[in-house]
Amino acid sequence: MTDHLHLSGVSHGYGDRELLHNVDLVIHHGEHVAIVGENGAGKSTLLRLMAGVETPDDGTAGLSGNAGYRVGYLAQTHGLSESLAVGDAIDSSLASLRSLEARILDLESGLADADTEELELYGSLQTEYQLREGYAAESRVEAALDKLGLGGLDRRRTLGSLSGGEQERVALACLLADPAEALLLDEPTNHLDANGTAWLESRLAAHRGTVVVVSHDRVLLRKVATTIIEVDADRRSVNRYGNGYEGYLREKAAERARWIQQYDEWLDAMAAERLQAATVADRMGYGRKRDNDKMAFGFKTGTWQSAASSKVRNAQERLRRLEENPVDRPPVPLKLAAPLGSVAETDSEPALEAHGVSVPGRLHTTDLRVETGQKVLITGPNGAGKSTLLSVLTGNLEPAAGSVIVNGRVGYLQQELEVPSRPALRLLPAFAAGLGGNIDEHAEGLLRLGLFRPAEFHVPVGGLSAGQQRRLALARLLLGGCETMIVDEPTNHLAPVLVEQLEAALASFAGTLVIVSHDRALGEWFDQCASGPGREASTGTWVRYGMQDGEML
């Protein structure tokens with residue numbers, strides 16, 4: 001089959017910042033591809049270009065092949081009107097299939113008098129309808145809603161009456177109600193629990209067409225993708241890697257080792273040529289030692305100086321060629337390289353304590369005690385009340401009943417990203433806002449943390465990607481000097497390599513930590529820390545809780 005998604009000579013960016021430069025890429029029908037890269041590198045941009053949502057500044061992008069080949073696209077934010085009813089959104093997603101069904105029924109009514117051409121058309125439409133499993137469309141929608149934690153959802157409700165996560169899951173169910181030949185999904189697991197994510201993985205892995213997914217979910221990357229496409233932010237290019245996610249990690253490690261070796265060899269060659277030129281020139285300054293052959297001395301001296309000058313010129317020429325063909329310095333990977341706030345002092349008082357707190361319809365009467373220095377992981381399906389509990393603990397939501405006692409300074413990373421109130425404010429001042437001290441100290445602290453590079457300090461916060469905004473909120477939390485950190489879905493929007501570095505940093509945090517997460521790999525990390533062996537750097541006691549239907553299990 002010749003159907004494929006492509007980018008040809010594509011350059012694209014926003015304002016004066018170019019993300020992609022002269023990129024060529026082809027994704028063939030049936031490939032299952034994951035797009036990875038640093039946050040803000042241009043992964044979502046690449047997906048929008050392939051989906052035809054954006055037009056490149058230069059070059060061409062889109063679909064080549066069969067005109068009937070369908071492309072389904074799921075953005076990080078669905079873009080549906082909040083006044084739209086859930087049922088209307090589903091009907092819209094099935095409109096093409098229902099139109100096909102209506103044409104089939106119309107032809108069936110006249111089959112007795114149909115000519116050959118009409119019979120052939122009827123047969124082709126029936127075949128298309130069967131291939132799209134049109135007869136199972138409604139049951140497929142119900143199954144999708146159920147697996148995504150929305151079973152029994154009243155279809156008369158407007159999208160605006162749902163939470164942000166519920167809206168995203170409705171959009172995902174709509175996309176999979178009549179799946180296109182090519183599915184393009186941007187962070188589809190951000191609002192899914194473990195069961196929903198496992199179900200989505202199986203659906204995508206079994207999809208007979210093309211799958212292109214931008215994701216930071218390490219388990220999904222391993223189970224779904226056979227090809228990895230990395231967006232290189234430094235070179236504004238894309239690179240393809242085969243053999244799945246594990247093959248990508250191996251090749252990246254080998255690639256970086258080769259790059260470092262080439263750079264070191266280039267530096268050594270430069271140093272050697274400079275030394276050669278300097279040594280010969282220095283020796284020329286002393287001249288030759290005079291001997292008794294006065295007549296030949298001048299001739300021999302001139303010959304020696306001529307040869308030495310030739311060596312200097314040759315070394316300088318080799319040095320010039322090396323300088324004209326430099327090996328780029330390998331970029332320093334983003335890293336977490338700063339202490340995570342204040343150390344909690346051990347005493348008899350708990351860090352957090354909730355007595356009989358409840359929120360009607362969201363959280364049943366709940367008691368929770370978190371000891372100072374304890375690490376707590378709370379898991380459970382969407383709608384279980386996890387984020388509501390965190391909002392109550394942090395004082396962002398007033399409970400209908402009960403009380404909360406907090407000892408020490410608490411930092412909170414919310415799941416939902418807030419829209420910047422001052423979008424024109426640059427990143428560095430936005431980071432420093434309300435933290436005290438001077439801007440130079442904050443710049444130094446942010447650099448030590450390693451979540452941003454200096455070139456990003458002057459980017460307006462309104463122009464940051466979702467991942468960059470998440471990193472900004474994380475940076476303010478980590479450098480906020482908190483004895484207790486409460487984090488809701490900390491791995492959302494973060495690159496996999498950065499997530500692993502965050503886990504390592506949190507393991508050594510001496511304060512109190514409360515995490516809500518659906519990330520299965522993070523759950524495995526937490527259990528390893530709790531079990532002890534192999535996690536010597538971890539501190540405190542590690543406790544896992546589950547939640548279901550607003551109750552602690």
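The model shown is predicted, which means the values in this text are computed figures rather than measured ones.
Take Tyr412 and apply the ring pair (Phe, Tyr, Trp, His ring centres under 6.0 Å) test, not counting sequence neighbours, and it matches no residue. Applying the ring pair (Phe, Tyr, Trp, His ring centres under 6.0 Å) criterion to Tyr14, with sequence neighbours excluded, gives His12.
No side-chain heavy atom of Tyr73 sits under 4.5 Å from any side-chain heavy atom of Met50. Counting heavy atoms from C-beta outward, Val10 and Asp58 have side chains that stay 4.5 Å or more apart. Side chains of Val370 and Val543 form no contact here, defined as non-hydrogen atoms less than 4.5 Å apart. The shortest distance between side-chain heavy atoms of Gln528 and Glu503 does not fall below 4.5 Å. Val170 is listed as a side-chain neighbour of Leu153, based on a closest heavy-atom distance under 4.5 Å. Side-chain contact between Leu506 and Met485 is present, with heavy atoms from C-beta onward closer than 4.5 Å. The side-chain heavy atoms of Met552 and Leu368, taken from C-beta on, include a pair separated by under 4.5 Å. For the pair Thr189/His216, no side-chain contact is recorded, criterion being any heavy-atom separation below 4.5 Å from C-beta on.
The pair Glu551-Lys386 does not meet the salt-bridge criterion, since no charged nitrogen lies less than 4.0 angstrom from a carboxylate oxygen. Under a 4.0 Å N-O distance rule, the pair Asp178/Arg70 qualifies as a salt bridge. In this structure, Glu31 pairs ionically with Arg240, as a charged nitrogen and a carboxylate oxygen lie closer than 4.0 Å. Look at Glu142 and Arg155 and you find a salt bridge, because one of the NZ, NE, NH1 or NH2 atoms lies within 4.0 Å of a carboxylate O, short of that distance.
Summarising the geometry, atom CD belonging to Glu187 is positioned 10.5 Å from atom CG belonging to Leu185; distances are rounded to the nearest 0.5 Å. In this structure, NE2 on His355 lies 5.5 Å from OG on Ser403, to the nearest 0.5 angstrom. Rounding to the nearest 0.5 Å places SG of Cys482 at 7.5 Å from CZ of Phe509. With rounding to the nearest 0.5 angstrom, the CG atom of Leu220 is 6.5 Å from the CG atom of Leu200. If you take CD on Glu489 and CG on Leu522, they are separated by 9.0 Å, rounding to the nearest 0.5 Å. The structure places CG of Asn239 at 4.5 Å from OG of Ser237, a figure rounded to the nearest 0.5 Å.
Judged purely by atom type and a 3.5 angstrom limit, Arg236 has no side-chain atom pairing as donor or acceptor with the backbone of Leu20. Remark: side-chain polar atoms of Ser391 are not paired, donor with acceptor, to backbone N or O of Leu397 under 3.5 angstrom. With hydrogens and angles ignored, the 3.5 Å screen pairs no side-chain donor or acceptor of Glu18 with any backbone N or O of Gly13. A donor-acceptor pair is defined here as one N or O able to donate and one able to accept, closer than 3.5 Å; such a pair exists between the side chain of Thr366 and the backbone of His364. Not a single donor-acceptor pair under 3.5 Å links the side chain of Ser161 to the backbone N or O of Arg157. Judged by distance alone, with hydrogens and angles left aside, the side-chain atoms of Thr394 form a donor-acceptor pair with the main-chain N or O of Leu390 at under 3.5 Å. When atom types are taken as modelled, the side chain of Glu166 and the backbone of Ser163 share a donor-acceptor pair closer than 3.5 angstrom. A donor-acceptor pair under 3.5 Å is absent between the side-chain atoms of His6 and the main chain of Val26, judged by distance alone. In terms of modelled atom types and a separation under 3.5 Å, the side chain of Arg476 and the main chain of Phe431 share a donor-acceptor contact.
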Discussion item. Run Glu483 and Arg409 through salt bridge (Lys or Arg N to Asp or Glu O under 4.0 Å) and show every step you take.
Written reply: CA-CA 6 Å; Glu483 289 88 8; Arg409 186 174 179 181; over 6 Å; no
Practice prompt. Quick one: do Thr484 and Leu352 satisfy side chain to side chain contact (heavy atoms under 4.5 Å, CB included)? Show the steps, please.
Written response: CA-CA 9 Å; Thr484 298; Leu352 294 168; 4.2 Å; yes
Item to complete: Walk me through it: do Thr365 and Val357 pass the test side chain to side chain contact (heavy atoms under 4.5 Å, CB included)?
Response: CA-CA 5 Å; Thr365 302; Val357 295; over 6 Å; no
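Of all heavy-atom pairs spanning Val459 and Ala455, the tightest one is CG2-O, 4.2 Å. Considering every non-hydrogen atom in both Pro179 and Arg140, the closest pair reads CD-NE, 4.1 Å. When all heavy atoms of Met547 and Ile378 are compared, the closest pair comes out as CG-CG2, 3.7 Å. Minimum heavy-atom separation, Ala384 to Gly380: CB-C, 4.5 Å. Residue Ala430 comes nearest to Leu472 through the heavy atom pair CB-CD2, 4.3 Å, listed as atom of the first residue, atom of the second, then distance. Leu5 approaches Leu184 most closely through the heavy-atom pair CD1-CD1, 3.8 Å.
Annotation: Tyr129 is in aromatic contact with Tyr135 [ring centroid separation under 6.0 Å].
A side-chain N or O of Gln415 and one of Ser387 form a donor-acceptor pair less than 3.5 Å apart. A donor and an acceptor atom, one from each side chain of Thr227 and Tyr245, are nowhere located under 3.5 Å apart.
Here salt bridge (charged side-chain N to carboxylate O under 4.0 Å, His left out) pairs that include residues 511-521, with residues two or more places apart or in two chains, are Glu201-Arg520, Asp217-Arg520, Arg218-Asp519.
Ring pair His32/His207 is parallel by interplanar angle, where below 30° counts as parallel and above 60° as perpendicular.
Heavy atoms of other residues, nucleotides or ligands lying less than 6.0 angstrom from NZ of Lys252 number more than 12.
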